[in-house]
Amino acid sequence: MPVITFANTKGGAGKTTAVLLLATELARMGYRVSVLDADPQHWITRWYETSEGLLGKRLNVVPYVTMNSIDRQLAEEKARADFVLIDLPGSRSSLLAKAVGHADYVLIPVQGSAMDAQGGANVIELLQYLEDKANIRIRHSVVLTRVNAMVTTRAMNAVKDLLAARRVHLLPTVIGERAAFRDIFGCGGTLYSMDPRRVSNLDKAQENAHAMAIDVLRQMAIPATASATVLRKVA
Ligand SMILES: Nc1ncnc2c1ncn2[C@@H]1O[C@H](COP(=O)(O)OP(=O)(O)O)[C@@H](O)[C@H]1O
Ligand SMILES: [Mg+2]
C-alpha cells in the first residue's frame with residue numbers, strides 16, 4: 001500500500017507534526033495507517049504511548065526504525081496498512097535516500113515564514129538525481145508549515161514563484177502555526193479528543209488537518225470521496 005515519506009534535511013521544519021496530523025486524519029477517515037518512526041527524538045512513538053486506544057486499531061506506530069531494519073519493517077507494514085508514513089531525522093543520510101527511494105509520494109515540509117528552504121532543496125535534488133540517473137520518478141510536493149499571520153502575501157508569493165520556477169508542486173493547503181498542533185504532542189490524543197475550551201481555534205485546526213489530508217489523497221490520485229473500504233477493494 002502507498003508509502004508517504006516526509007523529508008527535509010533540516011531539523012525543526014515541521015516533519016513530525018505533519019506526519020502526526022496526516023496519520024490521525026487518515027485514520028479518522030477510516031484508513032489503516034502505520035507510521036514508521038525513524039526520528040531519533042521519537043516524538044510520534046511517545047505520543048502513541050499515551051494515545052494508542054483513541055483510534056482503535058486503525059493507527060499503528062513502529063518505533064526505532066533504522067537503516068538496518070527499515071526494509072523488513074516497511075514490508076510488514078505495507079502488507080497490513082492502507083498507508084505507511086515515514087518520519088525521518090532532520091539530516092542527510094543513507095536512511096533518507098532509502099526512505100525516499102521506497103516512497104510512492106514524498107512530502108517536503110518547509111517553513112513558510114522563514115523561507116528556509118535549503119533542507120527542502122536537498123530533498124528535491126535527491127529526487128531529481130533518482131529521476132536522472134535511475135529513471136525513478138517519485139511524485140512529490142512541498143507543504144508550507146507553521147504559516148502565521150506574520151507571513152505576508154508577498155513573501156508567500158515569492159516562495160510560490162521559486163517553487164514554480166523549479167517545477168515543484170506546492171500543496172494548496174498550508175499547515176498553519178497553531179497551538180493545537182503544538183499541544184497535541186504534550187497532551188496526547190487527537191484534534192478530536194482535545195478540549196475546545198482549552199485549545200484556541202481547535203475547529204480551525206481540525207479543518208486545516210482535514211484539508212491537508214484531502215490534498216494529499218488528491219495528489220496521490222486517490223479520489224477524496226473514496227471510502228477506505230473502496231480503496232481496499234481496488235487494491
Ligand atoms: N504547524 C505548527 N504549529 C505550531 N507549532 C509547530 C507546527 N509545526 C511544528 N511546530 C513546532 O516546531 C517544532 C519542530 O517541529 P517538528 O514537527 O518536530 O519538526 P521536525 O520533525 O522537522 O524536526 C516543534 O516544537 C513543534 O511543536
Ligand atoms: Mg522530527
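All heavy atoms count here, side chains included; hydrogens, waters and symmetry mates do not. Note that ligands are numbered from 1 as they come in the structure, with each ligand's atoms numbered from 1 the same way.
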Report summary line: Here the atoms of ligand 1 under 4.0 Å from any heavy atom belonging to Ala13 are 19 (O), 20 (P), 22 (O)
Query raised in the report: Is Tyr192 linked to Val33 within one hydrophobic cluster, defined over Ile, Leu, Val, Met, Phe, Trp and Tyr using a side-chain heavy-atom separation of less than 4.5 Å?
Result: yes
Report task. Show which atoms of ligand 1 fall inside a sub-4.0 Å distance from at least one heavy-atom site of Arg178. Result -> 3 (N), 4 (C)
Query raised in the report: Are Glu76 and Arg72 ion-paired here, with the side-chain N under 4.0 Å from a carboxylate O?
Result: yes
Query raised in the report: Which of the numbered atoms in ligand 1 are below 4.0 angstrom from a heavy atom of Gly12?
Result: 14 (C), 19 (O), 20 (P), 22 (O), 23 (O)
Query raised in the report: Near Lys15, which atoms of ligand 1 are under 4.0 Å from a heavy atom of that residue?
Result: 17 (O), 19 (O), 20 (P), 21 (O), 22 (O)
Query raised in the report: Checking only N/O/S atoms, does Gln41 have one that is under 2.8 Å from the Mg ion (ligand 2)?
Result: no
Report task. Pull out every atom of ligand 1 sitting under 4.0 Å from any heavy atom of Ile175, numbered as shown with elements. Result -> 1 (N)
Query raised in the report: Can you tell me the N, O or S atom of Asp39 that's nearest the Mg ion (ligand 2)?
Result: OD2
Query - Where ligand 1 meets Glu177 - atom numbers and elements under 4.0 angstrom, heavy-atom basis - result: 3 (N), 4 (C), 5 (N)
Query raised in the report: With atoms numbered from 1 as shown, which atoms in ligand 1 lie under 4.0 angstrom from a non-hydrogen atom of Gly176?
Result: 1 (N), 2 (C), 3 (N)
Query raised in the report: Protein heavy atoms: any of them under 4.0 Å from atom 25 (O) of ligand 1?
Result: no
